[in-house]
Amino acid sequence: AVGLFGFRRVKDAAARMDSWREFLQRASAPGNKHVWILAANGWDTFADEEAPLRELVATFKGHIRIMLLDPFGEKYKTRADSIGAKQDYFASLIHNSIEFCNGLKAVEQNIELRLYDRVPGWKMLLCGNSLWLQHYQKNKHVQQMPVNTFYSTEDKDGMYDAFVQEFNRGGVSRLVENWRNGVSSRL
């Protein structure tokens, strides 16, 4: 069993909000101890005041792991170019997301921030035994892509378990140890 339990096209804002509500319900379920987010810049996902996961990230009582493109690396430029965004603007969204995390860390929120410098292939949201997945396709904003949802299989041989390894590949991301002091200098 691959652990696939959902596939949803998100052609409009209402369908997109349905997907977000589904994830929020699973993430907020009693007993869920972690929320992991792998995103390009994080702004539209959790940092913007209107972002669907902002309140969850700000109030979650378990462990949060966030992985964003490295704003000092090279690969964020590739993603920015692929969706027609200005590179400086795209980097500023990453910086703003990091600053949002700084504010939460200052009030003792349990957040682990990692930066990666590779062309993003997937936007992943993980909580409990559920994974919400969208492909970062060239020339399309991720919000235009279908949402695939997976769950962990008993034998750990499904797609959920394969994608979880992306969060555990130490060689492709770096933990930001001293990020409480902002990002005015290189992280």
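Source: prediction; values computed, not measured.
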Quick one, Leu53 with Phe23, criterion side chain to side chain contact (heavy atoms under 4.5 Å, CB included). Give me CA distance, side-chain angles, the key distance, then yes/no.
CA-CA 9 Å; Leu53 299 186; Phe23 180 80; 3.8 Å; yes

Before you tell me yes or no, could you show the steps for Glu50 and Asp48 under side chain to side chain contact (heavy atoms under 4.5 Å, CB included), namely the whole-Å CA-CA distance, both residues' side-chain angles and the distance that decides it to 0.1 Å?
CA-CA 5 Å; Glu50 301 297 320; Asp48 181 36; 3.6 Å; yes

Assess whether side chain to side chain contact (heavy atoms under 4.5 Å, CB included) is satisfied between Met124 and Ile37, documenting all intermediate values.
CA-CA 6 Å; Met124 290 189 261; Ile37 300 169; over 6 Å; no

Under the side chain to side chain contact (heavy atoms under 4.5 Å, CB included) rule, what do Glu112 and His63 come out as? Steps first, then yes or no, please.
CA-CA 8 Å; Glu112 172 188 339; His63 177 251; 3.1 Å; yes

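One finds the OH atom of Tyr76 at 5.5 Å from the CD atom of Gln87 (value rounded to the nearest 0.5 Å). Atom CD1 of Ile64 and atom SG of Cys127 lie 11.5 Å apart (nearest 0.5 Å). Taking NZ of Lys123 as the start and CG of Asn41 as the end, the distance is 8.5 Å to the nearest 0.5 Å. In this structure, Ser130 OG and Arg26 CZ are separated by 4.0 Å, a value rounded to the nearest 0.5 Å. Summarising the geometry, atom CG belonging to Asn129 is positioned 9.5 Å from atom CG belonging to Asp161; distances are rounded to the nearest 0.5 Å. Distance check: Leu133 CG to Leu125 CG gives 9.0 Å after rounding to the nearest 0.5 Å.
Residues Asp117 and Glu74 share a closest heavy-atom pair of OD1-N, 3.1 Å. Between Gln109 and Val57, the shortest heavy-atom distance links the atoms NE2-O, 2.7 Å. The two residues Cys101 and Ile66 have their closest heavy-atom pair at SG-CD1, 3.7 Å. Heavy atoms only, all atoms of each residue included: Arg79 and Phe90 are closest at CG-CZ, 3.8 Å. Nearest heavy-atom pair across Val35 and Ala27 is CG2-CB, 4.1 Å. Looking at every heavy atom in both residues, Asn110 comes nearest to Gly62 through CB-O, 3.7 Å.
Taking 4.5 Å as the limit, every side-chain heavy atom of Leu131 sits out of range of all side-chain heavy atoms of Val164. Counting only heavy atoms from C-beta outward, the side chains of Pro71 and Ile98 approach each other to under 4.5 Å. A heavy-atom distance below 4.5 Å is found between the side chains of Glu49 and Arg54.
Geometrically, Arg118 engages Tyr116 in a cation-pi contact defined by less than 6.0 Å to the ring centre and at most 45° from the axis.
Relative orientation of the Phe163 and Phe150 rings is tilted, given thresholds of 30° and 60° on the angle between their planes. The aromatic rings of Phe72 and His95 lie perpendicular to each other, with more than 60° between the two planes, well past the 30° mark.
Side-chain atoms of Ser97 never come within 3.5 Å of backbone atoms of Ala47 as a donor-acceptor pair (strictly under, hydrogens ignored).
In the displayed structure, Glu55 atom CD is contacted under 6.0 Å by at most 12 heavy atoms of other residues, nucleotides or ligands. Heavy atoms from other residues, nucleotides or ligands lying under 6.0 Å from NZ of Lys77 number more than 12.
For the residue pair Asn96/Glu99, the side-chain donor-acceptor check at 3.5 Å is not satisfied.
Val119 and Leu38 are not part of a single hydrophobic cluster, where members link through side-chain heavy atoms under 4.5 Å apart. Residues Ile94 and Ile111 are members of one and the same hydrophobic cluster, defined by side-chain heavy-atom contacts under 4.5 angstrom among Ile, Leu, Val, Met, Phe, Trp and Tyr.
Trp43 belongs to a hydrophobic cluster with Tyr89, Leu93, counting contacts under 4.5 Å between side-chain heavy atoms of Ile, Leu, Val, Met, Phe, Trp and Tyr, direct or through other members.
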